[in-house]
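Okay, so here's the structure we're looking at.
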Amino acid sequence: QVHLVESGGGSVQAGGSLRLSCTASHGGRDITYCMAWFRQAPGKGREGVASIDDHPSQKLADSVQDRFTISKDNAKNTLYLQMTSLKPEDTGVYYCAAGGGDCYSWNRLKVEEYPYWGQGTQVTVSS
């Protein structure tokens, strides 16, 4: 059983920054090769925010380009999301996901590609 634990969420004003972390209970290529962050706003579905593989190759949603940075440290089994210039529309529960297979570009931000999920951490951005 793989456990993912997120941390770093909180409340900030628009324009502020937060750094999220996600640590997996154990590593291995099938778990940490392709990892991602998703978010879910109230009343909306879960959407992909950013993903990263071991090359490292990254994919970010258009809405967070130039504001968010994804990175990971396989030695620590930890995934990060640095969020800057936060906007109220970034508000939601942020989830870490792992085990995204080969991380193909066309599916690496799709919920169904990831078998392992964290419990989520709340991010609230006020205007």
Side-chain angles (χ1 to χ4, degrees):
Q1 185 73 18
V2 178
H3 296 284
L4 303 176
V5 179
E6 301 101 336
S7 62
S11 297
V12 297
Q13 291 191 326
S17 299
L18 284 173
R19 188 192 194 207
L20 305 183
S21 299
C22 166
T23 299
S25 56
H26 47 277
R29 188 193 188 281
D30 59 333
I31 298 169
T32 63
Y33 177 79
C34 183
M35 300 183 73
W37 290 98
F38 289 76
R39 68 186 179 189
Q40 188 164 14
K44 296 187 177 181
R46 197 169 295 189
E47 65 170 349
V49 175
S51 73
I52 187 170
D53 62 21
D54 281 355
H55 289 159
S57 173
Q58 303 174 22
K59 183 171 184 175
L60 280 77
D62 291 344
S63 59
V64 304
Q65 285 279 356
D66 300 325
R67 300 189 298 121
F68 291 10
T69 303
I70 187 171
S71 61
K72 66 187 177 90
D73 185 339
N74 283 349
K76 298 180 179 180
N77 296 332
T78 300
L79 178 72
Y80 304 96
L81 185 68
Q82 179 67 50
M83 305 185 292
T84 63
S85 301
L86 282 161
K87 305 175 181 180
E89 51 263 43
D90 294 318
T91 294
V93 178
Y94 281 68
Y95 297 92
C96 169
D102 291 326
C103 235
Y104 294 119
S105 62
W106 58 86
N107 64 8
R108 61 195 302 173
L109 289 182
K110 294 186 177 181
V111 170
E112 57 267 30
E113 294 302 315
Y114 295 88
Y116 309 117
W117 291 85
Q119 293 301 306
T121 184
Q122 177 70 44
V123 171
T124 302
V125 185
S126 58
S127 57

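Not measured: the values here are computed from a predicted model.
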Exercise for review: List, by chain and number, the other hydrophobic cluster members for L86, where Ile, Leu, Val, Met, Phe, Trp and Tyr join if side-chain heavy atoms come within less than 4.5 Å, directly or indirectly.
Suggested key: V12, L18, L20, M35, W37, V49, I52, L60, V64, F68, I70, L79, L81, M83, Y94, V123, V125
Review point. If we ignore angles and hydrogens, is there a donor and acceptor under 3.5 Å between the side chains of T124 and Q122?
Key: yes
Study note, to complete from the structure: With sequence neighbours left out, the residues meeting side-chain contact (heavy atoms from CB on, under 4.5 Å) with S57 are D53, H55, R108
Check your understanding: In this structure, are over 12 heavy atoms from other groups packed under 6.0 Å from Q13 atom CD?
Key -> no
Check your understanding: Can you name the salt bridge (charged side-chain N to carboxylate O under 4.0 Å, His left out) partners of D102, sequence neighbours left out?
Key -> R29
**Study point:** For the student: nearest non-hydrogen atoms of S127 and P88, plus distance
**Key:** CB-CG, 3.9 Å
Check your understanding: Is S21 close to K76 at the side-chain level, that is, under 4.5 Å between some pair of heavy atoms?
Key -> no
Review point. What is the minimum heavy-atom distance between C34 and G101, and which atoms define it?
Key: CB-O, 3.6 Å
Practice item. Would you list the pairs meeting disulfide (SG to SG under 2.5 Å) in which at least one residue belongs to residues 72-101, sequence neighbours left out? Key: C22-C96
Point to revise | Residues clustered with I31, ILVMFWY side-chain links under 4.5 angstrom | key: V2, L4, Y116
Review point. T78 and T23: side-chain donor and acceptor closer than 3.5 Å?
Key: yes
Practice item. Give a yes or no on whether the backbone of G120 and the side-chain of E6 come within a donor-acceptor separation of less than 3.5 Å. Key: yes
**Study point:** Within residues 57-70 or reaching into it, pairs that qualify as salt bridge (Lys or Arg N to Asp or Glu O under 4.0 Å) - sequence neighbours excluded
**Key:** R67-D90
Exercise for review: Please tell me if the side chains of D73 and Y80 come closer than 4.5 Å, counting only heavy atoms from C-beta onward.
Suggested key: yes
Review point. Should the ring pair Y114 and W117 be called parallel, tilted or perpendicular, given that the plane angle runs from 0 to 90° and is split at 30 and 60?
Key: perpendicular
